[in-house]
Every structure is written in C-alpha cells, then in structure tokens.
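Please read the structure below before turning to the comments.
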Amino acid sequence: MSKVAIVTGASSGIGRATAIALSEASWTVVLTARREEELKETAKRCSSSTLVIAGDIVSEVFVKQLFEKTVSTFGRLDLLFNNAGISSKPIPIENLSLDTFSNVLNVNVVGSFLASREAVRVFKSQVPQGGQYPTFTNRDDIPNLCDQGRIINNGSLAAHVPRPNSYPYTVSKHAISGLTKSIALDGRNFNITCTQIDIGNALTDMSGGQAVGILQPSGQVSAEATFDAKYVGSTVVHIASLPPDVAMLEVNIMAAKMPYIGRG
C-alpha cells in the first residue's frame, strides 16, 4: 500500500521539489497551496497518484477539510510536510508594521499549528497497516500507541541565527522550533515523530535574491552560494523512510559556501 503525504506550499519551490521527490519514491501526495493552477502543474510533474486541494493554510475550516478529504480519499495519512511559508522585505524594527509582522506569523506559525493539529488527530485515530501491532498480542496493553505518523516542519537557518532586519521571519522560525520539539515530546507515546529541516539558500522563486545579492551584517550586499532544491526533497524522502523507532529531531541542509557559521 502506498504511503500518503500532505505537502503544504506545494505550488512552487521547495514544496514542489519535495512533492516530486516523494512521488518518485512511490508516495501518494496531496498537494495544497492557494494557487490551484500552479498546484496542477506540480501534479503534472509527479509520477505517482496526487490530489490537488487548493486553499488558505491559515483558514481553520479549510485545514480541517484538507485532512478530512485526504483520509476520505486515501484512507490514511503517514506524513505531513509543513512547508508553506512567507517572508517580508528587510525592515528595521522601528519601521515594521504590525500587519506585516502578523501576516508572516499567521502563515508560518498558525498555518503550521493548524496542519499539525489535524495531522496528529488523524495519526491517533489510525490502526497499523495490516491491523496488528507486530510485537504485541493485546492492544489493550498499549492504549497510547497508534500507527506511525511523521511531521516534518520547514524551519530555516533563521531558526538559529537571523539575517539583518528579518524580525517577522526570524521570530516565526524560532516558533517553529518550539512547535517541532513540543510535537516530538508529546508524540512519543503515540508513535508520532517530528523533524525540523533547516534549509539554507535552496534556489527557489522565494530565495532567488541570494544569488544576486543580499544584505549582510556588515551592511554590504553580497551574492551567496545556492543549491538545487531537489536535494531538500531527497532529504525529506530519507527522513520519511526511517523506521518507526528512529526519530530525527533536526537536520540542516544548505549551500556549502553560504555564510552561515558567523553569518557574514
């Protein structure tokens, strides 16, 4: 039976690359983002079964419907990749509007929370494929254990060190670290694992400015090295393929020559 993954922000960039990689690894992939036509383009590039469900990840009603339709269509869920996210232009804090700050946090944090909440609900409701736990004869002895579920959160190097004037994005990604660790802790007794993948300079529409020039702590604007986003996808596939008793809390993947250590 093919495993089922939901990829948020699957209309382009890292989300699209990851959806394609999961598809190539024979996963069934549910693609979601706001832009339906771009999601359909992602689906065309996938080699396995897909389902396109367009909507707003910060809408509680939509997120519930997303997971309900996934389960009603495919019968289960094995993986959530919380990838949807936005950033804002570099703005000194004294000039930063509340609307800009709130918008980034809503998409990056609230959206990830809503999707994670619904994923955990699904995971806890599932029995193992095949209907039996391989090492237990009496399921009553393991009332807290459910079938394996994984959540992978798209963090960022900004979850560890900021870029200049990046308040909304940096705060949101530090929050993702807290979400990841909380899910990992509370998921232990339920066979649910959570990983944060911190990505540095994957070449996408969102991050293309790094190759042209980006503000450094010194005040200079300098080009930075980038790498192909397909390697993010293959990393997600690797994490998703780990056995149920193996968890990877954090992983970093970045362009080898980007200025991360020391940031500048």
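Computed from heavy atoms alone, side chains included, the values below leave out hydrogens, waters and symmetry copies. Please read these numbers as outputs of a predicted model, since none were measured by experiment.
Just one residue in the list T204, V7, T42 forms a side chain to side chain contact (heavy atoms under 4.5 Å, CB included) with R16, and that residue is T42. Remark: of the listed residues I151, N83, L77, L51, L77 is the sole one forming a side chain to side chain contact (heavy atoms under 4.5 Å, CB included) with I6. Tested against T8 for a side chain to side chain contact (heavy atoms under 4.5 Å, CB included), the candidates L80, V30, V63 yield a single pass: L80. For the side chain to side chain donor-acceptor pair (under 3.5 Å) with S11, the lone residue among K40, R35, E36 that qualifies is R35.
To the nearest 0.5 Å, the span separating CZ on F123 from CZ on F190 amounts to 13.5 Å. L31 CG to T18 OG1: the interatomic distance, rounded to the nearest 0.5 Å, is 11.0 Å. To the nearest 0.5 Å, the span separating OG on S49 from CZ on F74 amounts to 4.0 Å. The OG atom of S59 sits 12.0 Å away from the CG atom of N106 when rounded to the nearest 0.5 Å. One distance of note links OG of S112 with CD1 of I176; it measures 3.5 Å at 0.5 Å rounding. With values rounded to the nearest 0.5 angstrom, S48 atom OG is found 14.0 Å from K3 atom NZ.
Across all non-hydrogen atoms, the minimal contact from I239 to I152 is CG2-CD1, 3.7 Å. Considering every non-hydrogen atom in both A33 and A10, the closest pair reads CB-N, 4.0 Å. Taking all atoms of both residues into account, the shortest heavy-atom contact from V107 to I57 is O-CG2, 4.4 Å. Among all heavy-atom pairs drawn from C194 and A184, the shortest one is CB-N, 3.9 Å. Nearest heavy atoms, N191 versus P244: OD1-O, 3.9 Å. Here the closest non-hydrogen pair linking R150 and V246 is NH2-O, 2.8 Å.
Between S116 and N82, the side chains place a donor N or O and an acceptor N or O closer than 3.5 Å (distance only, hydrogens not considered). Counted by atom type alone, T180 and N153 present one or more donor-acceptor pairs between their side chains at under 3.5 Å. For S2 and T28, the side-chain atoms include at least one donor-acceptor pair closer than 3.5 Å.
Counting heavy atoms from C-beta outward, R163 and N165 have side chains that stay 4.5 Å or more apart. Between E250 and K181, the closest side-chain pair of non-hydrogen atoms falls below 4.5 Å. Using a 4.5 Å heavy-atom cutoff, the side chains of T70 and V4 are in contact. A 4.5 Å side-chain heavy-atom check between V71 and V122 finds at least one atom pair inside the cut-off. Side-chain contact between L157 and M258 is present, with at least one heavy-atom pair separated by less than 4.5 Å. Two residues are said to be in side-chain contact when any heavy atoms from C-beta on lie closer than 4.5 Å; N95 and P92 meet this criterion. By the 4.5 Å heavy-atom criterion applied to side chains, S182 and L185 are not counted as neighbours.
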Passes side-chain contact (heavy atoms from CB on, under 4.5 Å), I53 versus K69? Steps please. CA-CA 9 Å; I53 308 177; K69 189 168 184 180; 3.9 Å; yes
Item to complete: Check the pair S177, Q196 against side chain to side chain donor-acceptor pair (under 3.5 Å), reporting the backbone distance first and the verdict last.
Response: CA-CA 7 Å; S177 293; Q196 179 169 312; 3.1 Å; yes
Start with the C-alpha gap between S23 and S47, add the side-chain angles, then the distance that decides, and say whether side-chain contact (heavy atoms from CB on, under 4.5 Å) holds.
CA-CA 6 Å; S23 178; S47 55; 3.4 Å; yes
Subject >> Residues V104, S87; criterion side-chain contact (heavy atoms from CB on, under 4.5 Å); working and verdict >> reply: CA-CA 6 Å; V104 174; S87 61; 5.9 Å; no
- Task: Could you go through the side-chain contact (heavy atoms from CB on, under 4.5 Å) check for N108 and I86 one step at a time?
- Result: CA-CA 7 Å; N108 296 3; I86 61 172; 4.0 Å; yes
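The residues R121 and E68 are annotated as not salt-bridged, no charged nitrogen and carboxylate oxygen being separated by less than 4.0 angstrom. Looking at D186 and R188, no side-chain N of the basic residue comes within less than 4.0 Å of a carboxylate O on the acidic one, giving no salt bridge. With respect to E41 and R45, a salt bridge is recorded, a charged nitrogen being found less than 4.0 Å from a carboxylate O.
Between the side chain of D198 and the main chain of S156, a donor-acceptor pair closer than 3.5 Å is present. When atom types are taken as modelled, the side chain of T170 and the backbone of Y167 share no donor-acceptor pair closer than 3.5 angstrom. Side chain of K173 to backbone of N154: a donor-acceptor contact under 3.5 angstrom is found. With hydrogens and angles disregarded, no donor-acceptor distance shorter than 3.5 Å links the side chain of S166 to the backbone of Y169.
In terms of hydrophobic clustering, with Ile, Leu, Val, Met, Phe, Trp and Tyr side chains grouped at heavy-atom distances under 4.5 Å, V251 and L22 are assigned to a common cluster. Two different hydrophobic clusters hold F67 and L79 under the rule that ILVMFWY side chains link at heavy-atom gaps under 4.5 Å. Linking ILVMFWY side-chain heavy atoms closer than 4.5 Å, directly or via other members, places L249 and V236 in two distinct hydrophobic clusters. Note on I192 and M248: separate hydrophobic clusters, where clusters join Ile, Leu, Val, Met, Phe, Trp and Tyr whose side-chain heavy atoms are under 4.5 Å apart, directly or indirectly. In terms of hydrophobic clustering, with Ile, Leu, Val, Met, Phe, Trp and Tyr side chains grouped at heavy-atom distances under 4.5 Å, I183 and I197 are assigned to different clusters.
For Y231, the OH atom is loosely surrounded, since the number of other residues' heavy atoms within 6.0 Å does not exceed 12.
For R34, the salt bridge (charged side-chain N to carboxylate O under 4.0 Å, His left out) criterion is met by no residue, not counting sequence neighbours.
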